[in-house]
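These notes concern the structure reproduced below.
Order of the sequence lines sets the chain letters (A, B, ...), proteins ahead of strands, with each chain counted from 1. Worth saying up front: this structure is predicted, and the values here are computed from it rather than measured.
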Amino acid sequence: MTAPPDMSTGRLPIEQPLDLAASLHSGQAHRWTRDSDAGGDGNGPWHWGVIHGRLIKIRPNGPGELEFRASPSTAPDEMTSILESYFRLDDDIQSILQEVAGDPQVATMVDRHRGLRLLRIDPWECLISFICSANSNIPRIHSNMESMAGNLGGPLSLDGEVRYLFPTPQRLAEAGEGALRSLGLGFRAPYVAKTARIVADGHLDLESLRNMPYLGAKACLEDLPGVGPKIADCVLLHSLDKLEAFPIDVWVRRALAEWYFPGQKPPPNRVMLEWALEHFGPYAGYAELYLFHGRRLEKK
DNA sequence: TTCTGCCCTTGGCA
DNA sequence: ATGCCAAGGGCAG
């Protein structure tokens, strides 16, 4: 006889707009997959991910509720609070949307993608995923993340599916540049290995950045190999509650140049960032989420 | 200070 | 199929 599975199930009432598919597959997080079949009951497919050390699958259950299954099991209300944190249901989303919708471009995109939510990702996993994003593309980033997990993280199972924990800083540091190159990281391998060593040795406490001001936390991140202004902003926005962080990648740069600097030579990124913070305000990162991740969703 | 070329490979697309 | 090239930056010079 097999032992009973160690798992939790539950439902989470949602009183805010939350589009699971848009939020989980918009390029913020890099470890979510979704079932190819929609289940046939009108609730949409299950989305599978690993958060807070657990393999979880989640889907809408009607308009105002999420349904989830997770393993290993949690205390009765723990998974609820994990999900509320992950989807940032503690944000005052109405106030934030009202604020950023002061810009007409943003207002249009908020209107079209109201259920798109910023995620609160684990800082370590977030940091490595965005170091891997340099001069890369989303399918490849996903592949890199799954390769690291599958080779260096521990297994988790749920409903017959097996996924893997994202490796700890110690594990990635021990693996080293060579192993990471063999996993397909290319020139990013030494960045990941060195950053892992720094974090594993306790020279940077990522969680402590959550309580620091935006610029100070950004400076700490930029000290890491493979982390410049753009990737620092990604980590700050998507994992460390710095809602004013505004990552400027090539696509954001092109669009901002076209929309807000027509017929001009666009300013260098450092100046463009200052402009964005001034123009979009304290929730600039939320503005970017709707402008650009929403735009990507429309192209697919 | 600002700007250029290079870095590993993989996907995406003629 | 095959070849080309851009790809969600960072870094050194």
State, yes or no, whether a side-chain contact exists between Ser136(A) and Arg188(A) at a heavy-atom distance under 4.5 Å. yes
For Phe130(A), answer base if it contacts any base atom (sugar-phosphate contacts may also be present), sugar-phosphate if it contacts only those atoms, and nothing otherwise; contact means non-hydrogen atoms under 4.0 Å. base
When you list every nucleotide of DNA chain C with an atom under 4.0 Å from a heavy atom of chain A, which one comes first 5' to 3', and which comes last? dA7(C) to dC11(C)
Of Leu243(A), Ile93(A), Leu18(A), Ile96(A), the one forming a side chain to side chain contact (heavy atoms under 4.5 Å, CB included) with Arg88(A) is Leu243(A)
Spacing between Leu180(A) atom CG and dT10(B) atom P, to the nearest angstrom: 14 Å
Output the rounded distance in Å from CG (Asn144(A)) to P (dC8(B)). 15 Å
Classify the nucleic acid contact of Gly226(A) as base, sugar-phosphate or nothing, counting any heavy atom under 4.0 Å across all strands shown. sugar-phosphate
Return one dot-bracket line describing DNA chain C 5' to 3' (Watson-Crick or G-U wobble pairs, both distances under 3.5 Å; ( ) same strand, [ ] crossing, | another strand, . none). .||||||.|||||
Is the shortest side-chain N to carboxylate O distance from Glu146(A) to Arg163(A) below 4.0 Å? yes
Indicate whether OP1 or OP2 belonging to dC8(B) is found under 4.0 Å from a side-chain N or O atom of Arg181(A). yes
What's the CD1-P distance between Ile141(A) and dT10(B), to the nearest Å? 14 Å
To the nearest angstrom, the CG-C1' distance between Asn137(A) and dC13(B) comes to 13 Å
Over 60° means perpendicular and under 30° means parallel, so classify the ring planes of His279(A) and Trp275(A), tilted if in between. parallel
Whole-Å distance between dC8(B) C1' and Ile131(A) CD1? 16 Å
Starting at NZ of Lys194(A) and ending at P of dC7(B), how long is that distance when rounded to a whole Å? 16 Å
Between Asp122(A) and Arg31(A), is there a salt bridge with N-O shorter than 4.0 Å? no
Scan Pro229(A) against the nucleic acid and name what it touches under 4.0 Å (heavy atoms): base, sugar-phosphate only, or nothing. sugar-phosphate
Electrostatic pair Lys242(A)-Asp233(A), nearest N-O below 4.0 angstrom: no
When you compare dG8(C) with dC3(B), how far apart are their P atoms, in angstrom units rounded to a whole number? 23 Å
Specify whether His30(A) and His142(A) have parallel, tilted or perpendicular ring planes, treating 30° as the upper limit for parallel and 60° as the lower limit for perpendicular. perpendicular
In whole angstrom, what separates Arg188(A)'s CZ from dT9(B)'s C1'? 7 Å
Taking NZ, NE, NH1 and NH2 as the nitrogens, is one of them in Asp35(A) or Lys57(A) under 4.0 Å from a carboxylate oxygen of the other? no
Give the nucleotide from the list dC3(B), dC8(B), dG11(B) with an atom nearest to the side chain of Asn135(A). dC8(B)
Any base atoms under 4.0 Å from Arg254(A), or only sugar-phosphate, or nothing? Heavy atoms, all strands. sugar-phosphate
Across the strands shown, which category fits Val252(A) at heavy-atom distances under 4.0 angstrom: base, sugar-phosphate, nothing? nothing
Could you tell me whether Arg270(A) and Glu274(A) make a salt bridge, using a distance below 4.0 angstrom between a side-chain N and a carboxylate O? yes
Donor-acceptor pair, side chain of Ser147(A) and main chain of Ser143(A), under 3.5 angstrom: yes
Rounded to the Å, how far apart are Lys265(A) NZ and dT2(B) P? 11 Å
